[in-house]
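Just so you know, these numbers use all the heavy atoms, side chains as well, and skip hydrogens, waters and symmetry mates. Treat the numbers as computed from the prediction; the structure is a model and nothing was measured.
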Amino acid sequence: MSQQASLPDDDNWLLDDNDGEETPRPSEVRKPWKVLIVDDEKDVHTATRIALRGISYKERPLELLSAYSGAEAFQMLQQHQDIALIMLDVVMESEDAGLRLVHRIREELTNGVVRIVLRTGQPGQAPEQEVILNYDINDYKTKTELTTQKLFTTTIASLRAYENLVSLEKNRQGLAKILESASDLYQLHSLREFASGVLRQISALLDIGTDGILCVRNDNMVGRPELEILAVSGAYEYLAESGDLSNEPHLEAVFQQVFKEKRSIYQHPYDVLYISSRNRREFAVHFMPQWPLDAVERDLLNVFCQRISAAYDNLYLYNQLRSAQEATVVALADLAEFRDTDTGDHVLRVQKLTDAIAAEMAGDNHYPELMTREFMDMVGMASILHDIGKVATPDNILLKPGKLDPEERAIMEQHATIGAQILAKSAQLVEGASYLSLGSEIAGGHHEHFDGNGYPNKLKGQDIPLSARIVAVVDVFDALLNKRPYKEPWSMEDTMKYINGRAGTQFDPHVVAALSRLVGEDRLPVQFGD
């Protein structure tokens with residue numbers, strides 16, 4: 001007899017199950033094997049339950065279910081998709097009810113893993129060779145030959161076969177989910193968004209609830225807790241405000257143990273995964289499966305942790321690249337502002353208001369084909385390059401305290417073309433969209449007018465890049481509200497009257513409407529005006 005399966009002592013197997021036994025703790029309770037008895041004779045159910053009483057396999061008990069007809073059994077199989085073994089009678093409400101049920105299980109339910117043992121008291125009704133050849137069953141027994149010992153042997157053999165099939169299916173489905181989830185994680189661009197994605201994917205991988213915590217370990221980071229919560233879900237959402245595990249001392253101790261030993265720990269219900277990355281960041285994830293995880297599930301989680309680590313490394317490199325690009329943009333903007341000190345804070349206000357208007361328009365579903373995640377991430381930062389071309393404008397024109405004459409104005413207007421060309425040339429060194437390519441659009445198009453009367457190319461309507469149409473409004477809005485060498489600041493009322501009056505001519509009406517709403521609802525992202 002296998003050491004992993006147990007049969008009650010022959011002298012005691014009819015005693016009450018609870019005699020002399022302690023109630024197991026929740027952490028020791030393991031998911032039972034579901035066995036469905038299908039027979040129209042009540043005595044058969046009773047005898048089978050007595051014979052299988054107390055049996056366990058791999059420390060998991062049996063849960064015996066009963067159905068008294070093929071139709072009732074089919075309904076039960078629809079409700080319990082994790083039934084491991086069916087002990088099935090042939091003759092019930094009809095002479096072939098059991099055989100019909102076999103066909104429905106395999107064909108209608110497409111359940112190929114449940115083990116089916118056909119038991120018959122009338123072997124002449126279903127000859128063994130014919131049934132084995134024509135129906136997808138796993139064993140054939142007459143009721144008279146099923147002694148207690150043989151029933152035990154048949155049950156354990158069936159459960160072992162079921163377990164192997166389920167393991168193979170779990171591996172197949174789990175690996176498919178890992179590949180799918182890893183692809184999703186590669187699309188996430190912030191650490192907290194990434195952390196929330198990990199919790200969702202673990203829940204999907206194990207088909208469990210959403211309760212979970214993901215922590216990062218902060219070594220020698222001043223002002224940050226040693227164990228910082230990055231994402232919570234389900235029952236742990238109340239921890240989001242505190243950001244640490246001080247309210248969960250037992251769980252905090254398990255997290256500390258995981259980081260100290262640098263390994264995953266499975267102490268159901270305190271299961272915690274350990275994840276490390278190439279840049280030496282360490283993460284731990286706690287989740288709450290209903291039952292202790294089996295070997296297949298742990299192996300899948302180990303593979304998933306490797307994918308999470310690779311995805312985080314990708315996120316880290318992405319953020320490093322993005323930071324480098326942002327540093328380049330800021331340096332270029334500083335270069336342009338060095339000669340025109342009145343515009344220093346101007347570009348920062350333009351950045352924040354550009355982001356706010358883009359978000360407002362996206363919420364109204366304007367230009368959805370253009371409002372991509374990439375666009376929303378970059379348009380604000382790119383907007384600070386809108387006047388980069390002024391580096392080529394002579395000081396006597398750039399710093400002139402009064403209005404420009406026509407010749408001076410023509411020279412000033414060249415900054416749009418010059419800025420677009422400088423940034424476009426640099427953008428060619430970066431594959432795909434970048435701050436530089438978007439900045440080139442803005443620099444070259446933020447003085448174009450919606451009706452085609454702007455400069456430098458007299459573009460009209462949606463031929464003007466969306467980024468430039470937004471910055472065109474933002475640039476004028478901020479310039480009017482603030483003092484310049486050639487003008488005094490305007491009031492908010494006069495400024496909005498000017499901008500609203502040019503909706504559809506100088507400005508995109510949707511951009512103007514978004515700005516008007518932000519002003520009217522007092523939701524401007526920064527203070528405008530002196």
Side-chain angles (χ1 to χ4, degrees), residues 5 31-53 55 57 60-170 172-173 207:
K31 184 178 182 180
W33 304 100
K34 291 184 179 179
V35 177
L36 176 61
I37 307 166
V38 185
D39 201 295
D40 59 350
E41 296 181 21
K42 187 175 181 180
D43 289 346
V44 172
H45 289 263
T46 302
T48 304
R49 287 178 175 275
I50 292 174
L52 296 180
R53 205 172 190 180
I55 288 179
Y57 172 60
R60 291 171 57 181
L62 304 187
E63 178 183 347
L64 302 180
L65 306 174
S66 288
Y68 294 87
S69 68
E72 184 183 354
F74 187 78
Q75 291 179 351
M76 195 163 289
L77 283 158
Q78 289 178 307
Q79 297 169 4
H80 300 268
Q81 298 179 8
D82 57 345
I83 291 175
L85 169 62
I86 303 173
M87 295 186 178
L88 177 61
D89 190 16
V90 176
V91 181
M92 291 179 287
E93 66 266 40
S94 65
E95 293 184 350
D96 60 349
L99 298 179
R100 288 177 178 272
L101 179 60
V102 171
H103 180 78
R104 296 189 71 188
I105 292 170
R106 302 306 193 198
E107 298 299 325
E108 292 184 37
L109 298 180
T110 63
N111 185 341
V113 295
V114 63
R115 303 296 82 193
I116 301 176
V117 175
L118 208 62
R119 299 194 301 179
T120 180
Q122 305 175 45
Q125 291 292 123
E128 182 173 351
Q129 289 188 2
E130 179 183 337
V131 170
I132 288 291
L133 287 173
N134 297 328
Y135 294 89
D136 185 4
I137 64 170
N138 307 106
D139 205 349
Y140 182 103
K141 301 289 184 183
T142 61
K143 294 179 181 179
T144 55
E145 68 178 301
L146 273 179
T147 62
T148 299
Q149 182 59 52
K150 287 186 177 181
L151 187 59
F152 169 81
T153 301
T154 297
T155 300
I156 298 304
S158 298
L159 295 180
R160 183 176 290 118
Y162 172 80
E163 180 187 34
N164 290 336
L165 288 173
V166 168
S167 295
L168 289 172
E169 184 63 15
K170 276 186 179 180
R172 184 189 69 79
Q173 293 182 355
D207 193 21

(message) Can you give me the closest heavy-atom contact between Val117 and Ser158, atom names plus distance?
(response) CG2-OG, 3.7 Å
(message) Could you check whether any side-chain N or O of Glu93 sits under 3.5 Å from a backbone N or O of Gly70, counting only pairs where one atom can act as donor and the other as acceptor?
(response) yes
(request) May I ask you to decide if Phe74's main-chain N or O and Arg104's side chain share a donor-acceptor pair within less than 3.5 Å? (result) no
(request) Give the minimum heavy-atom separation between Leu88 and Gly98, together with the two atoms involved. (result) CD2-O, 3.3 Å
(request) Examine distances only and state if a side-chain atom of Asn111 and a backbone atom of Val114 form a donor-acceptor pair shorter than 3.5 Å. (result) yes
(request) Decide whether Tyr68 and Glu41 meet the rule of one side-chain donor and one side-chain acceptor closer than 3.5 Å. (result) no
(request) Report the residues that fulfil salt bridge (charged side-chain N to carboxylate O under 4.0 Å, His left out) with Asp82, sequence neighbours left out, ordered by chain and then residue number. (result) Lys31, Lys34
(request) Report yes if some heavy atom in the side chain of Met76 is under 4.5 Å from a heavy atom in the side chain of Leu65; otherwise report no. (result) yes
(message) Tell me whether Arg106 is salt-bridged to Asp136, with the criterion being a basic N under 4.0 Å from an acidic carboxylate O.
(response) yes
(request) Please report the closest heavy-atom contact between Leu159 and Ala84, naming both atoms and the distance. (result) CD2-CB, 3.7 Å
(request) Of all the heavy-atom pairs spanning Ile37 and His45, show the shortest one and how long it is. (result) O-CE1, 3.2 Å
(request) Indicate the atoms forming the closest heavy-atom contact of Glu72 with Ser66, along with that distance. (result) OE2-O, 3.9 Å
(request) Tell me whether the guanidinium CZ or amine NZ of Arg115 lies under 6.0 angstrom from the six-membered ring centre of Tyr162 and within 45° of its axis. (result) no
(message) Testing the basics here: between Asp139 and Lys141, what is the closest heavy-atom pair and its distance to 0.1 Å?
(response) OD2-CE, 3.1 Å
(request) Look at atom CD of Gln81 and say whether more than 12 heavy atoms of other residues, nucleotides or ligands are closer to it than 6.0 Å. (result) no
(message) Here's a test for you: under side chain to side chain donor-acceptor pair (under 3.5 Å), which of Asp89, Thr48, Thr142 qualifies with Arg119?
(response) Thr48
